[in-house]
Amino acid sequence: MQDIIDKIKKEYNEVTETLNSPDVSSDPQKMIKLSKKQAELSEAMTCITDYENTCEAMKENAEIVNTETDEELKQMALEENLTLSKKKSDLEKELEILLLPKDPNDTKNVIVEIRAGAGGDESALFAANLFRMYTRFGEKMNWQVKILNSNAIGIGGYKEIVFEINSTGNSEPVYKYMKYESGVHRVQRVPETEKQGRIHTSTATVAVLPEAEEVDVQIDPKDLRIDTFASSGPGGQSVNTTMSAVRITHIPTNTVVSCQDEKSQHKNKAKAMKVLRSRLLQLEQEKHAKEIGDQRRSQVGTGDRSEKIRTYNFPQDRITDHRIKKSWSGVENILSGELEEIITALQEEDIHLKLANQSKN
C-alpha cells in the first residue's frame with residue numbers, strides 16, 4: 001500500500017509542478033488535460049491524507065498502550081484504535097477503488113442513438129419512452145439534452161432518434177453514468193391498439209457514444225460523400241422545400257449519418273459530422289476491445305449494442321437488468337427518469353468485476 005501511496009504523491013506533485021510552468025499556460029489543450037488529471041488525483045490525495053492521519057493516530061495510541069501506566073488512559077487508547085482500525089480498512093478499500101484503471105471516456109459528453117427494433121409501431125413508441133426516460137434522468141443530473149436527428153412516426157413514436165447529452169457547470173460527467181445503457185432494451189406490455197388484451201414484446205436498440213473531438217478522430221475530407229435532400233416528417237411527407245437535410249457517408253467504413261432537424265444545411269452538416277466522429281471513435285474502440293478480449297468480459301458497460309441488457313415488464317411491474325440478474329419494481333417511475341438505483345447497482349458490479357480481475361493479475 002505504501003508503494004502505491006508514494007507513487008500517487010509523486011505523480012500528483014509532478015502534475016501540479018507542470019501545471020505551474022509557463023510552457024503549459026500557453027498550451028490550452030495540455031492545460032485542460034493536466035487539470036483533469038490533477039482533479040482525478042486530488043480525490044486520491046484526500047483519501048491518502050485521511051489514511052496517513054489515521055495511521056499516525058493509531059501509532060500514537062499504540063505508544064500510549066505500551067508506555068502509559070494509567071489503565072484508564074490505556075483502555076481509551078485501545079478502544080479508539082479499534083474504531084481507527086476499521087476506518088483504516090475502509091480507507092484502504094476506498095483507495096483500491098480510486099486506483100482502478102479509469103475509463104478515459106468517463107469524463108466525456110455523449111451522443112445517444114435510439115432505434116426501434118422488433119415490434120412495428122409499438123417498438124417506435126417504446127423508443128420514445130426511452131428517450132423521455134433519458135431526458136428526465138438528464139434533468140435530474142442537471143445535464144443538457146439536445147436532439148440532433150429524429151425520424152418520427154405519426155402516433156408519437158420514433159423509428160430513430162439521435163441526441164446529445166452534455167454536462168453543465170458542476171454536474172457529474174455524462175458517459176460515466178450513461179455508458180451502461182448501450183444494448184437492446186425489451187418491453188412486454190399490452191399496446192393501446194390491442195383489443196384482445198394480448199401482451200406484445202418489442203425491442204429498441206440504444207447506442208451510447210462518447211462524444212469525439214476533432215483531435216480524437218482524423219477524417220480525410222476525400223473519404224466523405226455528402227448528399228443533401230429535403231427534410232421529411234412523420235409518414236415521409238416533405239416538411240421543407242429547401243435541400244437542408246444532410247447525409248454523410250464515410251466511404252472507408254461505410255458509416256452513414258443523416259441530420260435534418262435544423263432548417264440550415266450548414267447546421268445539419270455540423271451536427272452530422274459530430275455524430276460521425278463519435279461513431280468512428282466507437283468503431284476504433286470496439287476494434288481495440290476485441291483485440292484485448294478478456295477486458296470486455298471484466299466490465300459491465302461494454303457498449304455491445306447487440307446484447308439484450310434489460311426487460312421492462314409492465315404486467316408484472318418489473319424491470320430486470322440481465323447483466324447483473326437484478327430486478328426492480330415501478331416501471332412507470334423508472335421510465336420517468338428514476339434510473340439512479342439501477343445505474344448505481346451497475347457501477348457497483350463494474351467495480352466488483354474490475355477488483356476481481358485485478359486480483360487475478
Side-chain angles (χ1 to χ4, degrees), residues 111-138 145 147-165 178 180-209 229-240 245 247 254-261 272 275 279 282 303-323 327-339 342:
I111 289 174
V112 184
E113 301 176 336
I114 303 176
R115 291 184 178 84
D121 286 351
E122 174 63 13
S123 67
L125 290 171
F126 181 46
N129 292 150
L130 292 175
F131 171 62
R132 178 173 171 268
M133 177 175 76
Y134 296 134
T135 301
R136 292 287 180 86
F137 180 59
V145 178
I147 295 175
L148 297 175
N149 190 46
S150 61
N151 184 356
I153 64 171
I155 58 174
Y158 292 104
K159 288 182 180 178
E160 176 188 47
I161 183 162
V162 182
F163 54 100
E164 61 181 342
I165 308 179
M178 286 295 296
Y180 302 102
E181 294 304 298
S182 281
V184 177
H185 295 242
R186 182 175 69 169
V187 64
Q188 294 173 321
R189 62 184 174 189
V190 179
E192 291 180 14
T193 54
E194 173 58 57
K195 295 178 181 178
Q196 297 179 19
R198 290 177 298 186
I199 298 170
H200 286 226
T201 299
S202 307
T203 62
T205 303
V206 176
V208 178
L209 314 176
F229 56 98
S231 302
S232 61
Q237 73 268 28
S238 177
V239 295
N240 195 343
R247 182 186 300 110
N254 198 31
T255 302
V256 182
V257 177
S258 298
C259 191
Q260 63 172 15
D261 277 37
V275 177
R279 283 197 195 169
Q282 181 80 346
D304 187 346
R305 66 191 72 186
S306 64
E307 177 189 6
K308 183 183 75 178
I309 63 166
R310 196 175 296 150
T311 296
Y312 303 71
N313 188 313
F314 274 77
Q316 297 178 17
D317 191 32
R318 184 182 69 230
I319 285 183
T320 301
D321 196 288
H322 305 293
R323 295 164 294 181
S327 298
W328 295 264
S329 59
V331 176
E332 291 288 0
N333 287 338
I334 291 168
L335 282 171
S336 294
E338 302 289 341
L339 265 175
I342 294 178

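Computed from a prediction, not measured in an experiment: that's the story for all the values here. FYI, the numbering just counts along the sequence from 1.
A distance of 13.0 Å separates CZ in F131 from CD in E160, rounded to the nearest 0.5 Å. Interatomic distance, E113 CD to S182 OG, rounded to the nearest 0.5 Å: 9.5 Å. In this structure, Q260 CD and R247 CZ are separated by 9.5 Å, a value rounded to the nearest 0.5 Å. Distance check, rounded to the nearest 0.5 Å: CD of E122 to CZ of R189 gives 4.0 Å. From D121, atom CG reaches atom NZ of K159 across 8.5 Å, with rounding to the nearest 0.5 Å. Here the CD1 atom belonging to I334 is positioned 13.0 Å from the CG atom belonging to N129, to the nearest 0.5 angstrom.
Under the side-chain contact (heavy atoms from CB on, under 4.5 Å) test applied with W328, the options D317, D321, N333 reduce to a single match, D321.
With a 4.5 Å cut-off on side-chain heavy atoms, H322 and T320 count as touching. Between V275 and C259, every side-chain heavy-atom pair lies at or beyond the 4.5 Å cut-off. Within the 4.5 Å cutoff, side-chain heavy atoms of S336 are placed close to those of R132. Within the 4.5 Å cutoff, no side-chain heavy atoms of Y180 are placed close to those of I342. Taking 4.5 Å as the limit, some side-chain heavy atom of M178 sits within range of a side-chain heavy atom of Y134. Looking at heavy atoms from C-beta onward, L130 lies in side-chain contact with Y312 at the 4.5 angstrom threshold. Annotation: side chain of F314 is in contact with side chain of V187 (closest heavy-atom distance under 4.5 Å). I111 has its side chain within reach of V162: a pair of non-hydrogen atoms, C-beta onward, lies under 4.5 Å apart.
R186 and T311 share a side-chain donor-acceptor pair at under 3.5 Å.
Side-chain N or O atoms of R310 include none that pairs as donor or acceptor with a backbone N or O of G183 at under 3.5 Å. Of the possible polar contacts, one joining the T203 side chain to the A118 backbone as a donor-acceptor pair under 3.5 Å is found.
Of all heavy-atom pairs spanning A116 and S123, the tightest one is CB-OG, 3.4 Å. Nearest heavy-atom pair across N149 and S258 is ND2-O, 3.0 Å. The two atoms that bring S150 and Y158 nearest to each other are CB-CE2, 3.8 Å, heavy atoms only. In terms of heavy-atom proximity, V256 sits nearest to R279 at O-NH1, 2.7 Å.
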- Message: Using side chain to side chain contact (heavy atoms under 4.5 Å, CB included), reason through V206 and V112 one step at a time and then give a plain yes or no.
- Response: CA-CA 7 Å; V206 176; V112 184; 4.0 Å; yes
